[in-house]
Amino acid sequence: MTVTQYLDEYRGPVAAGLRVPGFGADALSGRRWCSPGQSPSIGPDGSVFPCLPFTRTPFLMGRMPKDTLEQAFHSKVVQDLRRKCQERIDEIEECSSCVWKHFCRAGCPGIAYHQHGSVTAKDCFCELRKRLYTDLFLGGQDNGDRRPE
């Protein structure tokens with residue numbers, strides 16, 4: 001069964017059509033599914049941000065037309081953010097020991113930033129992803145990573 005088929009048939013807490021960061025084809029692709037700057041958000045004043053969740057002043061990559069998109073994509077802001085996002089699974093204590101860390105990569109750093117004020121935090125979908133991964137890859141058998149409820 002493919003991930004897409006599984007999600008289509010899943011009858012758990014996920015509503016139809018919900019995109020859970022770090023689950024689905026992105027998680028199985030073998031590459032980082034979230035790379036800041038991959039889906040830039042451009043404001044009406046020409047401000048360029050890495051993505052919609054990172055539309056805050058600290059993440060300003062450039063301002064059009066003064067800066068080109070290429071300049072924005074290579075800015076120090078986005079390079080630093082990409083590095084932090086790549087390293088975060090080893091910096092977040094709970095994630096560093098999780099068996100699923102290379103699938104979800106601590107979730108969406110933008111969502112984590114909005115929830116916790118830091119990209120070095122996991123997002124709100126962590127427990128959901130653990131259940132989905134366990135159901136899909138281990139047939140519902142607990143992988144020893146779950147904490148007692």
Side-chain angles (χ1 to χ4, degrees), residues 3-4 6-8 10-64 67 69-138 140 142-149:
V3 172
T4 304
Y6 175 79
L7 285 175
D8 287 342
Y10 189 74
R11 300 291 179 240
V14 180
L18 175 65
R19 185 177 182 284
V20 177
F23 193 79
D26 291 338
L28 299 176
S29 68
R31 62 175 197 226
R32 280 188 299 143
W33 55 270
C34 179
S35 181
Q38 179 176 305
S39 300
S41 179
I42 302 171
D45 65 350
S47 298
V48 182
F49 297 96
C51 60
L52 191 56
F54 283 122
T55 53
R56 300 285 190 263
T57 304
F59 306 108
L60 180 65
M61 296 165 43
R63 195 172 308 271
M64 295 173 67
D67 302 309
L69 281 177
E70 186 173 341
Q71 289 170 322
F73 291 137
H74 293 94
S75 71
K76 181 172 177 11
V77 169
V78 79
Q79 297 301 320
D80 288 347
L81 186 57
R82 284 180 184 148
R83 183 186 43 76
K84 285 180 188 174
C85 290
Q86 191 169 3
E87 296 170 351
R88 66 195 284 261
I89 61 171
D90 293 318
E91 292 178 4
I92 301 168
E93 186 176 339
E94 185 177 347
C95 296
S96 67
S97 61
C98 180
V99 297
W100 303 115
K101 75 179 184 179
H102 294 292
F103 282 91
C104 79
R105 294 168 176 77
C108 174
I111 292 173
Y113 180 79
H114 277 279
Q115 292 173 318
H116 307 286
S118 172
V119 296
T120 54
K122 62 183 184 165
D123 75 9
C124 61
F125 292 104
C126 177
E127 294 306 316
L128 175 60
R129 278 190 300 270
K130 284 181 184 180
R131 286 195 309 266
L132 291 171
Y133 292 148
T134 298
D135 287 352
L136 179 61
F137 296 113
L138 301 176
D142 191 338
N143 60 15
D145 190 46
R146 292 187 184 181
R147 299 188 196 293
E149 296 179 10

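The first residue in the sequence is number 1, and the count goes up from there. Bear in mind that the values here come from a model prediction, so they are computed numbers and not experimental data.
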Any side-chain heavy atom of [X] sitting closer than 4.5 Å to one from [Y]?
| X | Y | answer |
| --- | --- | --- |
| Val77 | Leu60 | no |
| Cys108 | Phe125 | no |
| Leu69 | Val48 | yes |
| Cys95 | Arg105 | no |
| Trp100 | Thr134 | yes |
| His102 | Ile89 | yes |
| Met61 | Pro50 | yes |

Is the backbone N or O of [Y] less than 3.5 Å from a side-chain atom of [X], with the two atoms forming a donor-acceptor pair by type?
| X | Y | result |
| --- | --- | --- |
| Glu91 | Cys85 | no |
| Ser75 | Ala72 | yes |
| Gln71 | Gly62 | no |
| Arg88 | Gly107 | yes |

Sequence-distant partners of Ser118, side chain to side chain donor-acceptor pair (under 3.5 Å), two or more places apart: Thr120
Partners passing salt bridge (Lys or Arg N to Asp or Glu O under 4.0 Å) against Arg63 (at least two apart in sequence or in another chain): Asp45
Kindly write out the residues that satisfy salt bridge (Lys or Arg N to Asp or Glu O under 4.0 Å) with Glu87, not counting sequence neighbours, or none if the list is empty. Arg83
Closest contact, heavy atoms only, Ala112 versus Ala121: CB-O, 3.1 Å
Closest heavy-atom pair and its distance - Arg56, Tyr113: CG-CE2, 4.1 Å
When rounded to the nearest 0.5 angstrom, what distance separates [atom1] in [X] from [atom2] in [Y]?
| X | Y | atom1 | atom2 | answer |
| --- | --- | --- | --- | --- |
| Ile42 | Leu52 | CD1 | CG | 12.0 Å |
| Asp123 | Leu128 | CG | CG | 9.5 Å |
| Lys101 | Ile92 | NZ | CD1 | 11.0 Å |
| Asp67 | Ser47 | CG | OG | 10.0 Å |

With side chain to side chain contact (heavy atoms under 4.5 Å, CB included) as the criterion, how do Val119 and Phe54 come out once you've worked through the C-alpha distance, each side chain's angles and the decisive distance to 0.1 Å? CA-CA 10 Å; Val119 296; Phe54 283 122; 3.6 Å; yes
Less than 4.0 angstrom from a charged side-chain N to a carboxylate O is my criterion; do Glu127 and Lys130 meet it? yes
